Amino acid sequence: MPKKHFIKAVCFDMDGVLYDSMPMHASSWAKTSDQFGLGMTEEDVYLHEGRTGFSTIDIFTRKQWGRPTNQEEVDRIYAVKCQLFNALPEAKPMAGALSLLRQVQRDGFQIVLVTGSAQYSLLERLNRDFPGIFHADLMVTGSDVTYGKPNPEPYLMALQKACVKPEEALVVENAPLGVRSAVDAGIYTIACNTGPLPDKVLTDEGASLVYPSLQALSDQWAALRDRLANS
Ligand code: CA
């Protein structure tokens, strides 16, 4: 842990952190994979969580069919995945998300959203579920980035938007590749293991702490904040 950890900003990932949406992503990807013969299991979806649709599909066409994918194929496959996902009920906010965000806001930290999602209605939905927390100028979405996670790009962009140095920020992530992206951006990263993977995959990527749920992090937030401030 860096000395004199003066935190100014806390960056939150969205799927699997603020929203309990990963089971829906996993099942719609696995069904799409069955339809196309991509050989992707639900566990694979959690292992590759955070990648763009193109990058995810490319990994499995190389593995199953021994060749890279292309944009036309990605558009065709990704459309099926989105159709299956959109037919599922809307994901609920993660238990503990609102209480954690309120504490972080009350403590005076900037709150930055960093997501690979590029939905137009994102801010509207965030404002409905977490009123008064998020601002358009403190959001990094899938449409802002070139590479996306696990590249550090999205978290470097978050630091820039919040005008803070890596050592002045914290990241809350749930996925191995999201952790890698944040750690490679030089940020102290806390993982909430809200999925089926073992904690080890998150610590192997560099997570400094792993909580068993977002609720657990929310419950222990004040203690963690004080510990980081005094370290
Ligand atoms: Ca995530």
Side-chain angles (χ1 to χ4, degrees), residues 11 13-17 19-88 91 113-120 122 140-158 171 173-187 189 191-207 210:
C11 306
D13 168 57
M14 189 174 75
D15 288 296
V17 170
Y19 287 100
D20 193 10
S21 46
M22 279 312 295
M24 282 96 143
H25 283 294
S27 76
S28 48
W29 267 120
K31 276 186 197 137
T32 306
S33 166
D34 286 348
Q35 195 171 317
F36 290 92
L38 280 171
M40 191 193 308
T41 63
E42 292 207 9
E43 194 192 16
D44 289 328
V45 180
Y46 287 95
L47 284 170
H48 291 281
E49 179 187 346
R51 282 190 197 282
T52 62
F54 190 104
S55 165
T56 305
I57 291 164
D58 189 59
I59 282 172
F60 288 90
T61 62
R62 285 173 192 270
K63 206 155 99 180
Q64 283 304 103
W65 306 335
R67 60 157 181 83
T69 191
N70 55 68
Q71 193 60 52
E72 180 277 324
E73 185 173 64
V74 168
D75 290 346
R76 201 155 33 86
I77 296 175
Y78 199 61
V80 172
K81 188 264 168 180
C82 291
Q83 199 180 7
L84 290 166
F85 181 80
N86 291 333
L88 295 171
L113 182 84
V114 181
T115 177
S117 175
Q119 295 164 254
Y120 289 114
L122 211 60
V140 177
T141 74
S143 43
D144 297 319
V145 298
T146 308
Y147 306 105
K149 301 169 189 177
N151 191 286
E153 178 193 28
Y155 282 106
L156 291 173
M157 217 176 251
V171 165
E173 261 287 352
N174 73 304
L177 299 185
V179 169
R180 192 195 303 172
S181 166
V183 169
D184 284 352
I187 310 174
T189 304
C192 288
N193 193 358
T194 60
L197 302 175
D199 287 356
K200 189 175 180 300
V201 299
L202 298 163
T203 49
D204 282 354
E205 296 294 353
V210 181

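The first residue in the sequence is number 1, and the count goes up from there. Only a predicted model underlies this, so the values are computations on that prediction, with no experimental measurement involved.
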Within-4.5 Å side-chain heavy-atom neighbours: Ile57 and Trp29: yes

Between Met14 and Thr141, is any pair of side-chain heavy atoms under 4.5 Å apart? no

With a 6.0 Å cut-off (strictly less than), is the heavy-atom count around CD of Gln64, excluding the residue itself, greater than 12? yes

Taking atom OH of Tyr19 and atom OG1 of Thr115, what is their separation to the nearest 0.5 Å? 10.5 Å

In Å and rounded to the nearest 0.5 Å, what is the CG to CD distance from Leu84 to Gln35? 7.0 Å

Taking the side chain as every heavy atom from C-beta outward, state whether Met22 and Asn174 have any pair of such atoms under 4.5 Å apart. yes

Do the side chains of Asp184 and Arg180 get close enough for a salt bridge, i.e. N-O under 4.0 angstrom? no

Verify the neighbour count for atom CZ of Phe85: are there more than 12 heavy atoms of other residues, nucleotides or ligands below 6.0 Å? yes

Judged by atom type as modelled, is there a donor-acceptor pair below 3.5 Å linking the side chain of Glu173 to the main-chain atoms of Ala191? no

Do you know which two heavy atoms are closest between Val183 and Ala207, and how far apart they sit? CG2-N, 4.4 Å

Would a distance-only check, ignoring hydrogens and angles, find a side-chain to backbone donor-acceptor pair under 3.5 Å from Asp44 to His48? no

Kindly compute the distance separating CG (Asp75) from CZ (Phe54), expressed to the nearest 0.5 Å. 9.5 Å

Student check: side-chain heavy atoms of Leu38 and Ile77 closer than 4.5 Å: yes

I want to check something: taking the side chain as every heavy atom from C-beta on, are Leu47 and Leu197 in contact at a cut-off of under 4.5 Å? yes

Flag, side chain of Glu153 to backbone of Tyr147, donor-acceptor distance under 3.5 Å: yes

Is there a donor-acceptor contact under 3.5 Å from the side chain of Thr61 to the main chain of Thr69? yes

Whether Thr32 side chain and Ser28 backbone form a donor-acceptor pair below 3.5 Å: yes

Ignoring hydrogens, what is the shortest heavy-atom contact between Cys11 and Tyr155? Give both atom names and the distance. CB-CE2, 4.0 Å

May I ask you to check whether Ser55 and Asp58 show a side-chain donor-acceptor distance below 3.5 Å? no

